[in-house]
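All ligand and atom numbering here is 1-based and tracks the order in the structure.
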Amino acid sequence: METVVSGIRPTGHLHLGNYFGALKNFIKMQEEHNCYFFIADYHSLTTHPTPEDLHSNIKQVLVEYLAAGIDPEKATIYIQSDLPETAELYLLLNMNAYKGELERCTSFKDMVRKYPDNINAGLLTYPVLMAADVIIHRASKVPVGKDQEQHLEMIRNFASRFNRLYNIDFFPEPYAFNFGDNLVKVPGLDGSGKMGKSEGDKNSVNLADEPDDIRKKVMKAKTDSGPTKDNQTKPDEIQNLFTLMELVSDKSTVKHFDEAYNNCSIRYGDFKKQLAEDMVTFTEPFREKIKELAADNDLITKIAKMGAEKAKESGVTTVKEAREIMGIRNL
Ligand code: TYM
């Protein structure tokens, strides 16, 4: 049995990228491993959400985690800030995290480019906080999408540096994990980048979306004027729709449209209609469950409390030991 950790920022609804990149693996892993899944509310503060939005998004993500199949009896589900020892471990790790390596991180560089007026210290040290999240439970596996691969490499550096500096084998070096071998990148609907890249909703299909919203979003997805030569390479925006179809549709459906593309008989209207219907069918059980759970405040509060207690059992001990290793001991 291994220890597994992963988290999701509470920025709104969970989308198919979150599901296929991370959650689907969580759900399988909880059956046989010691799993911790948390809601990364400290991380969300780097982008300054309003307190009201952050608060309601935390609840929403918890509801959607549960609706997607995370079982609080099998896994520990908690809110990151309910384990404030994470913040202490982050402080300790920051002493051995260097400006140069943090500035080279791709996600930091993206944020600098996108939001030049908000280059805060929390953004720079974002991977250090992620390292604290993972190694606070001394986890070895982290189910995440492809976009988190570089962060995992940085986490391994911080963990192994700690071990080296204090000459101790304390933190395991955790690896990004996916049952299908390769880490997944689920494309968005706008023809560029990954699902969830642009904040706002047009690019993503959410587990909670109503059928008509899914249909509208998919029908608006960008396409081109159609193939003109047999077996030509698909441009990105078309390939992305096929990638999405592979996730939610039958193999025979994908094959049908692939053949139609290859012999130039494809009609994008039919193709998108089919993709939308398969997405509606795929999300239906989640949608129903989300509505049901969102109405049960007592249950959600109880689960958050239970998760916080279980997370503390493991996290408090790790941080106490890390302090002692570094020389912060009782006189
Ligand atoms: P976040 O909140 O952006 O995304 C949560 C999870 O969903 C995956 N994901 C995707 N996978 C494939 N294709 C996509 N289009 C897609 N969009 C999102 C992400 O890879 C991630 O697994 N920094 C993290 C949260 C975090 C964390 C951690 C994760 C904080 N501490 C410790 C793991 C371990 C983040 O912003 O993910």
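Residues Y78 and H137 place their aromatic rings such that the two centres sit under 6.0 Å apart.
Sequence neighbours left out, the pairs with a member in residues 227-251 that pass ring pair (Phe, Tyr, Trp, His ring centres under 6.0 Å) are F242-F271. Applying the side-chain hydrogen bond (donor to acceptor under 3.5 Å, both in side chains) rule to pairs touching residues 140-151 yields E2-S140, E2-K141, T106-Q150, S107-H151, K146-E149, D147-K194, Q148-H151, sequence neighbours excluded.
Results of the side chain to side chain donor-acceptor pair (under 3.5 Å) test with K234 over T243, N262, D258 single out D258 as the only residue that passes. Here the options are L244, L189, V186, the test is side chain to side chain contact (heavy atoms under 4.5 Å, CB included), and the partner is V205; only L189 passes.
When the salt bridge (Lys or Arg N to Asp or Glu O under 4.0 Å) test is applied to K289, the partners found at least two apart in sequence or on another chain are E292.
Protein residues having at least one heavy atom under 4.0 Å from any atom of ligand 1 are S6, G7, I8, R9, H15, G17, N18, G21, A22, F38, A40, H43, Y126, M130, D133, V134, V142, V144, G145, D147, Q148, V184, K185, V186, K194, M195, listed by chain and number.
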